[in-house]
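When a residue number appears, it is its place in the shown sequence, counting from 1. Atom set for the values below is all heavy atoms of this structure, side chains included, hydrogens, waters and symmetry mates excluded.
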Amino acid sequence: MDFRSKAAQVRTFLVASLTRWLESFSFGRFCIRMLGKKLVKFFLVAGLNTAFGYAIYAFFIFIGLPYWLAALLGQVIGILFNFGTYGALVFKNKKVNLLPRFLCVYAITYFCNVGGMRFLKYTFGMSDYYTAIVMLLPVGLLNFILSKVFVFERKETSANRSIKAEPGKSSEK
């Protein structure tokens, strides 16, 4: 068994275990019903991705990089891993041609994250470590919405459906 398939098995096991654990609490069942399993799975997988990304960010802060560069490098290093985990475990869509849209979502969330970090740092005097923690939830929600709508679960336009339904015919009159 190769490393990728073993890693995929471990990720699947972790998400299933965390979901079962969450479902064992009445509040967890309520969250799953209200928010949908996909959002709950997204945040469980995000926990794994965030732990990795925050460790990278903290390491770069520790070695003396400015917060904006540490955040950028943390994003870049984690993007491919995150694309694989979100695509496979949350949205059940591993098409590599979605990567450019995924990169655009990450560019948007990066600038929102850094903007929020800057606001917290200069308005409230928060440290670079705490600003990243405070921004986790709002940036995570934004990432879920953009990933769902623009990357993994895009709705086909009526023009695309008519072209697929009638190959060889133009949708223009």
Side-chain angles (χ1 to χ4, degrees), residues 3-4 6-8 10-19 21-22 28 31-32 35-154:
F3 176 75
R4 268 192 267 164
K6 190 66 170 170
V10 169
R11 286 190 305 253
T12 303
F13 172 77
L14 288 174
V15 169
S17 298
L18 287 170
T19 302
W21 176 78
L22 189 61
C31 289
I32 290 172
L35 301 173
K37 283 190 175 190
K38 197 166 284 190
L39 181 60
V40 172
K41 267 187 175 180
F42 183 87
F43 275 108
L44 290 174
V45 172
L48 174 68
N49 295 346
T50 300
F52 175 76
Y54 187 77
I56 296 296
Y57 170 81
F59 171 75
F60 287 137
I61 291 293
F62 178 75
I63 64 171
L65 294 180
Y67 74 94
W68 61 269
L69 184 56
L72 175 63
L73 292 174
Q75 285 273 38
V76 170
I77 291 170
I79 282 176
L80 292 176
F81 179 75
N82 296 357
F83 178 75
T85 56
Y86 288 138
L89 299 174
V90 178
F91 297 106
K92 305 295 186 221
N93 189 342
K94 299 183 273 187
K95 295 178 183 170
V96 178
N97 65 335
L98 300 175
L99 187 57
R101 283 187 260 175
F102 190 76
L103 292 172
C104 289
V105 166
Y106 264 79
I108 292 166
T109 58
Y110 167 75
F111 286 112
C112 290
N113 190 27
V114 170
M117 290 166 71
R118 179 178 171 82
F119 173 78
L120 292 170
K121 181 177 181 163
Y122 292 109
T123 304
F124 299 107
M126 294 176 79
S127 77
D128 293 338
Y129 296 102
Y130 290 126
T131 60
I133 291 171
V134 170
M135 291 305 297
L136 287 176
L137 186 60
V139 171
L141 285 170
L142 179 62
N143 193 345
F144 174 75
I145 292 165
L146 294 177
S147 293
K148 181 178 170 97
V149 172
F150 295 112
V151 181
F152 295 107
E153 295 184 1
R154 286 178 47 122

Should the ring pair Tyr86 and Phe42 be called parallel, tilted or perpendicular, given that the plane angle runs from 0 to 90° and is split at 30 and 60?
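Parallel, since the angle between the ring planes stays under 30°.
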In terms of the angle between their ring planes, are Phe102 and Phe83 parallel, tilted or perpendicular, with boundaries placed at 30° and 60°?
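Rings of Phe102 and Phe83: perpendicular, as their planes differ by over 60°.
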Atom pair [atom1]/[atom2] of [X] and [Y] - distance to nearest 0.5 Å:
X	Y	atom1	atom2	value
Tyr129	Met117	OH	CE	11.5 Å
Leu69	Ile61	CG	CD1	9.0 Å
Phe152	Leu98	CZ	CG	6.0 Å
Leu48	Thr85	CG	OG1	6.5 Å
Leu136	Asn113	CG	CG	8.0 Å

Any chance [atom1] of [X] has more than 12 other-residue heavy atoms, nucleotides or ligands included, within less than 6.0 Å?
X	atom1	answer
Phe150	CZ	no
Tyr130	OH	no
Lys95	NZ	no

So, the side chain of Thr123 versus the backbone of Leu120: is there a donor-acceptor pair under 3.5 Å, distance only?
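Not at all, since once roles are kept as given, no pair shorter than 3.5 Å links the two residues.
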For the student: nearest non-hydrogen atoms of [X] and [Y], plus distance:
X	Y	answer
Ala71	Tyr57	N-CD1, 3.6 Å
Cys112	Met135	O-CE, 3.9 Å
Asn82	Tyr106	ND2-OH, 2.7 Å

Quick check on side chain to side chain contact (heavy atoms under 4.5 Å, CB included): which of Ile79, Leu142, Asn143 does Val105 satisfy it with?
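Considering Ile79, Leu142, Asn143, a side chain to side chain contact (heavy atoms under 4.5 Å, CB included) with Val105 is found only for Asn143.
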Does anything in residues 48-69 pair up under salt bridge (Lys or Arg N to Asp or Glu O under 4.0 Å), and if so which pairs, sequence neighbours excluded?
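As it turns out, there is no salt bridge (Lys or Arg N to Asp or Glu O under 4.0 Å) pair with a partner in residues 48-69 once direct neighbours are skipped.
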Salt bridge (Lys or Arg N to Asp or Glu O under 4.0 Å) contacts touching residues 124-140 (sequence neighbours left out):
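Applying salt bridge (Lys or Arg N to Asp or Glu O under 4.0 Å) to every pair that reaches into residues 124-140, excluding sequence neighbours, yields Lys121-Asp128.
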Ring centre gap for Phe124 and Phe119 strictly below 6.0 Å
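Under 6.0 Å, so yes.
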Are Tyr67 and Phe60 packed together at the side-chain level, in the sense that at least one heavy-atom pair is separated by less than 4.5 angstrom?
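Not in contact.
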Just wondering, do Tyr54 and Ile133 contact through their side chains at under 4.5 Å, heavy atoms?
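Sidechains of Tyr54 and Ile133: in contact.
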